[in-house]
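Each remark here refers to the structure printed beneath this line.
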Amino acid sequence: MSSLRISRRHFLGSIAAVGFGTAAWMRYGEPWWVKETHQTVPLGLGGLKLLHLSDLHANPMPLNFLDREIERGLAWKPDLICVTGDFITAYQPRPDWDAYAAVLSKLAKVAPAFAVLGNHDGGAAMGPAGTSPAPGTVHSLLQKANLRLLHNTAEPLVIRDRRIRLVGLADYWDRAFDPEKAFQFQTAQGFQADAPTIVLCHNPDSKDALAPYRWDLILSGHTHGGQFSLPWIGQPLAPVRDKRFVRGLHRWNERWIHVTAGVGSLHKMRFNCPPEISCLTLA
């Protein structure tokens, strides 16, 4: 009988140790273990290098962490940089805006850098008063950092003699989301689809609203890759309707969707879903 009690005690102790160890890893290990992932997207662009970042979430993520990971991404020497929203988590506590702008400004010094807003960056989806950024706060941050904000607008580019068109949209959960305005160039007289179109939109669920328009690749974040990926279950907490597009590069209706797991982590917690810096070669 005594040996049975000891066995039970050891068993419960082992369960507790595993639980504490897992919790410690989720909080102090995995959120800081950022992977560098590489994917190739066949767009006829001769191997242009696109750095895709998303969900930096300054506050709670410290600026020195974001600075280190941005520099790591820039070491890949990208030709184009796209950041798909959620620069902050909430307006309180406020980030050090000047220090944050200095970190982000490193992007545009290496390559043309463009951004869209996420649901945490302000607007109708942001939550109760007092947690939302004041109008234009994140806009001003991006302006100081020389990141070009695409807000229901399009931008033609020529990079290494390759023509590209970028289209950036307001967050899908925001009332400002306006694909008709963003793609109005496609209805202009004389429009010719002479360049691949890359769309920046924070939430990958936007793909259905964008289906009527011509585009080749969507870049999104928002999901954090699910943030918690459970064996045999998947990513039940991913904040999207279509759970097929939670992380990675996918083919959809003869187009491409890339969803990055993001650099930051809400509540500084992850499980079986490390953050990432996404390096896309546009072949």
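Since the model is a prediction, treat every value here as computed from it, not as a measurement.
Side chain of D205 to main chain of D242: a donor-acceptor pair is present (N/O by atom type, distance under 3.5 Å, no hydrogens or angles).
Looking at every heavy atom in both residues, V240 comes nearest to T223 through CG1-CG2, 3.8 Å. Shortest non-hydrogen contact noted between S206 and C201 is OG-SG, 3.4 Å. Nearest heavy-atom pair, C273 versus R247, reported as atom, atom and distance to 0.1 Å: SG-NH1, 3.4 Å. Listed here is the closest heavy atom pair of P112 and L80: O-CD1, 3.5 Å.
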Show your reasoning for whether side chain to side chain contact (heavy atoms under 4.5 Å, CB included) applies to L169 and L200. CA-CA 6 Å; L169 291 114; L200 283 64; over 6 Å; no

Side chain to side chain contact (heavy atoms under 4.5 Å, CB included) between R68 and I70: does it pass, once the steps are laid out? CA-CA 6 Å; R68 182 181 72 241; I70 283 174; over 6 Å; no

Go through W252 and D208 one step at a time and tell me if the side chain to side chain contact (heavy atoms under 4.5 Å, CB included) criterion holds. CA-CA 10 Å; W252 181 74; D208 297 303; 3.7 Å; yes

Worked verdict on D79 versus K77 for salt bridge (Lys or Arg N to Asp or Glu O under 4.0 Å): CA-CA 7 Å; D79 301 299; K77 297 182 180 179; over 6 Å; no

Go through I198 and R165 one step at a time and tell me if the side chain to side chain contact (heavy atoms under 4.5 Å, CB included) criterion holds. CA-CA 6 Å; I198 299 174; R165 185 173 280 103; over 6 Å; no

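Under a 4.0 Å N-O distance rule, the pair R72/E69 qualifies as a salt bridge. Under a 4.0 Å N-O distance rule, the pair D161/R163 does not qualify as a salt bridge. Looking at D67 and K106, a side-chain N of the basic residue comes within less than 4.0 Å of a carboxylate O on the acidic one, giving a salt bridge.
Residues H250 and H258 place their aromatic rings such that the two centres sit no closer than 6.0 Å. Ring centroid separation for the pair H222 and W173 comes in under the 6.0 Å cut-off.
Under the 30°/60° scheme for interplanar angles, the aromatic rings of Y213 and F183 are found to lie parallel. Ring geometry for F177 versus Y172: interplanar angle over 60°, hence perpendicular rather than tilted (30 to 60°).
At a threshold of 4.5 Å between non-hydrogen side-chain atoms, the residues L43 and W256 count as touching. Using a 4.5 Å heavy-atom threshold, the side chains of W33 and E276 count as separate.
D171 and H202 form no side-chain donor-acceptor contact under 3.5 Å, judged by distance and modelled atom types alone.
The hydrophobic clustering, which links ILVMFWY residues whose side-chain heavy atoms are closer than 4.5 Å, places L56 and I88 together. Hydrophobic cluster membership is shared by L157 and V41, with clusters built from Ile, Leu, Val, Met, Phe, Trp and Tyr side chains linked at under 4.5 angstrom. In the hydrophobic clustering of ILVMFWY residues, with side-chain heavy atoms under 4.5 Å counting as a link, F87 and L51 come out together. L74 and V34 fall within a single hydrophobic cluster, where Ile, Leu, Val, Met, Phe, Trp and Tyr are joined by side-chain heavy atoms under 4.5 Å apart, directly or via other members.
The side-chain contact (heavy atoms from CB on, under 4.5 Å) test with L53 singles out one residue from T84, L219, T260, L107, and that residue is L107.
Cation-pi check for K144 over W97 is not met; the charged atom does not lie both under 6.0 angstrom from the ring centroid and within 45 degrees of its normal.
The local environment of NZ in K243 is crowded, with over 12 non-hydrogen atoms from other residues, nucleotides or ligands closer than 6.0 Å. Other residues, nucleotides and ligands place no more than 12 heavy atoms under 6.0 Å from the CD atom of E180.
Note that OG1 of T197 and CG of L166 are 9.0 Å apart. Values are rounded to the nearest 0.5 Å.
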